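This structure is a prediction, so every number in the text was calculated from the model and none was measured.
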Amino acid sequence: MRDMSQHSSFRRRATRLITTGAIAATGLLVLSACSTGAEAGGDDTYGFAAAEQVADSPITVWVDASREPAVTAFQEAYPDIEVVLETYDGNAGGSGSFQSKISLMDQAGDGWPDVVFSTQQNDAIWASKDTPNGEPGFAAPLNEGLIDQDFLDGFAEGSLDYATIDGTVYGLRNDLAQTVFYYNQKLLDEFGYDVPSTWEEYAELGDALAAEHPGYILGSMGDSFMTYIYYGGSESPVFQSPEPGVFHSDTSAENAQDISAIIDGMLENGTLVQDSFFSAEFAANYADKLVGVPGPVWYTGAIFQGGLATPAGEIGVAPPLKWEGGDVAAGNVGGGIWYASRHSANLDAVATFLEFVTSADEFQVEASSGYPAYTSAAEKWLDKQAEAGYFVNDDFETVMSDAAGQIWSGWNVTPWSPETAWAKVVIPGMAEGETVVSLLPAWQTELENEATVNGYTVE
């Protein structure tokens with residue numbers, strides 16, 4: 001059951017669905033965002049010039065496969081709101097599919113979805129901007145009337161920053177993605193090893209594990225989001241925007257060189273592998289051989305309770321790894337964002353949907369694999385893990401919540417992702433036997449090329 005404050009909010013929204021919006025001609029679902037605010041009550045009701053509203057019209061929602069349960073839960077809770085579900089890649093790996101699809105619809109002048117989920121945190125940068133032909137951008141402002149401020153205040157501090165442009169909120173964060181260090185207590189006890197707390201100890205554990213228990217591992221480099229874990233989490237200055245329109249990358253920096261050398265050493269001794277965490281091969285080969293791994297809090301459901309099906313009572317959660325003598329610095333690995341379309345003909349239904357999928361127990365607590373960005377849902381999600389006795393350490397809740405405030409601020413959000421250059425340069429290079437250290441200059445060059453293409457000055 002969702003709590004009463006959320007229930008009242010959703011009920012008020014549902015009542016508003018029935019009482020607002022004029023009925024338009026049959027089949028008229030989406031009109032141009034150029035429709036005046038007066039036609040839709042847009043400027044007064046939503047804070048922007050909305051399309052003409054059509055009461056009870058369906059809303060089209062784009063999600064990746066992992067967010068389909070959110071739509072299912074919403075449909076069960078609100079059977080009177082018709083939802084058309086469409087799945088896509090979720091913009092995974094910085095694919096750019098969200099932007100490219102919307103650009104085509106901007107050119108056509110119709111066909112926009114009402115709600116989009118993206119795994120990337122940088123889409124508000126382009127989605128808030130006017131189109132080349134001068135029309136308003138895709139994303140609807142949320143804090144100017146569409147979503148109540150009381151509801152927005154329920155998100156974790158700073159969690160909406162990436163979707164906020166010049167004070168306007170354009171997206172709602174689905175989950176937080178701070179890194180921690182997961183460890184298999186059963187295997188550590190069996191082998192007589194301690195949980196590492198530093199990157200240096202992580203490398204030493206790799207050496208010991210390779211020599212004494214070959215075949216057991218401490219992670220994988222097979223996914224492009226490893227850039228956030230190993231380079232963001234090691235405070236490596238390879239993806240920075242020190243001021244708007246400026247990009248800086250320094251793969252020759254000490255931290256970048258040191259973490260790359262650690263990766264190379266662990267690839268060589270076999271304690272880091274190159275299979276994707278989400279591949280069938282990884283689950284088949286390493287489900288009972290993963291001794292420990294740095295990773296985001298969403299590994300709980302997506303990796304351990306998901307693909308690896310690790311039973312309760314084996315996995316523990318330790319603080320993010322740090323450099324010896326340094327401060328804890330968590331990486332930030334995603335944390336998807338929900339966007340509303342300013343083209344929608346049923347914005348009240350859209351608002352009801354956004355509030356539900358980001359805060360309601362039915363999805364965020366019962367069906368989400370990630371750590372909810374909405375504070376009340378996060379508390380219940382942690383309680384659920386505690387009640388299930390999944391983690392071996394009693395302080396896992398504190399570790400996870402503390403890590404949310406320990407994310408290194410040295411990386412910045414830009415219109416492009418560090419993942420694309422890593423996937424283009426480093427992953428194939430590793431597959432061919434090249435060292436990561438040797439690939440760093442090429443990775444930096446590709447990052448700088450992407451910055452230039454996006455109109456940034458490289459310094």
Side-chain angles (χ1 to χ4, degrees), residues 1-4 6-7 64-74 76-77 154-156 159 173-190 195 218-219 277-278 282-284 286-320 330 333-336 356-406:
M1 294 292 291
R2 63 178 87 96
D3 63 48
M4 290 305 296
Q6 290 175 354
H7 180 79
D64 61 350
S66 296
R67 252 52 59 171
E68 287 189 45
V71 181
T72 300
F74 179 79
E76 292 175 354
F155 284 88
S159 63
R173 188 80 170 265
N174 180 74
D175 58 301
L176 301 183
Q178 66 273 28
T179 57
V180 292
F181 187 82
Y182 289 97
Y183 57 92
N184 189 306
Q185 188 67 63
K186 176 182 175 183
L187 292 176
L188 289 177
D189 289 344
E190 179 182 343
V195 178
L218 291 168
F277 268 116
F278 297 99
F282 187 89
Y286 304 110
D288 59 352
K289 290 183 169 24
L290 183 59
V291 177
V293 63
V297 291
W298 51 260
Y299 271 17
T300 298
I303 304 298
F304 292 105
Q305 296 172 343
L308 301 186
T310 307
E314 293 187 8
I315 301 299
V317 185
V333 194
F356 179 89
V357 296
T358 54
S359 70
D361 295 359
E362 290 91 329
F363 172 59
Q364 286 293 348
V365 179
E366 301 301 330
S368 177
S369 63
Y371 182 108
Y374 205 77
T375 301
S376 61
E379 293 170 352
K380 294 176 183 178
W381 186 88
L382 289 168
D383 288 344
K384 180 184 176 184
Q385 306 301 324
E387 290 169 4
Y390 189 76
F391 294 112
V392 297
N393 55 311
D394 294 334
D395 65 342
F396 80 91
E397 296 174 79
T398 300
V399 172
M400 286 183 164
S401 58
D402 284 352
Q406 295 168 328

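Residues P372 and L176 approach most closely at O-CG, 4.2 Å, considering heavy atoms. Taking every heavy atom of both residues into account, Q406 and P320 meet most closely at OE1-CD, 3.8 Å. Between F278 and A302 the shortest heavy-atom distance is CE2-CB, 4.3 Å. Closest approach of G335 and A177 over heavy atoms only: N-CB, 3.6 Å. Closest non-hydrogen pair, A318 versus V195, comes out as CB-CG1, 3.9 Å. Nearest approach of A403 to A330, heavy atoms of both residues: O-CB, 3.8 Å.
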Without placing hydrogens or testing angles, list every side-chain donor-acceptor pair under 3.5 Å for residues 394-402, not counting sequence neighbours.
from, atom 1, to, atom 2, distance (Å)
D395, OD1, N393, ND2, 2.8
S401, OG, E397, O, 2.9
S401, OG, T398, O, 3.2

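Rounded to the nearest 0.5 Å, atoms CD (E190) and CG (N184) are 9.0 Å apart. Atom CD1 in I315 sits 10.0 Å away from atom CD in Q305 (nearest 0.5 Å). Atom CG of residue L218 and atom CG of residue L290 lie 7.5 Å apart, to the nearest 0.5 angstrom. With rounding to the nearest 0.5 Å, the separation of CZ in F282 from CG in L308 is 5.5 Å. The line from OG1 of T310 to CZ of F304 is 6.0 Å long, rounded to the nearest 0.5 Å.
Note: F356 and F74 have perpendicular aromatic rings, judged against thresholds of 30 and 60 degrees for the angle between ring planes.
In the displayed structure, K186 atom NZ is contacted under 6.0 Å by at most 12 heavy atoms of other residues, nucleotides or ligands.
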>> Pair K380, D383 - check salt bridge (Lys or Arg N to Asp or Glu O under 4.0 Å), show working.
In response: CA-CA 5 Å; K380 294 176 183 178; D383 288 344; over 6 Å; no

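Judged purely by atom type and a 3.5 angstrom limit, E314 has no side-chain atom pairing as donor or acceptor with the backbone of Q185. Side chain of R173 to main chain of A373: no donor-acceptor pair is present (N/O by atom type, distance under 3.5 Å, no hydrogens or angles).
Taking 4.5 Å as the limit, some side-chain heavy atom of V392 sits within range of a side-chain heavy atom of Y183. Using a 4.5 Å heavy-atom threshold, the side chains of Y182 and V317 count as touching.
Each of F363, Y374, Y371, W298 was evaluated against N174; a single residue qualifies, F363, per the side chain to side chain contact (heavy atoms under 4.5 Å, CB included) test.
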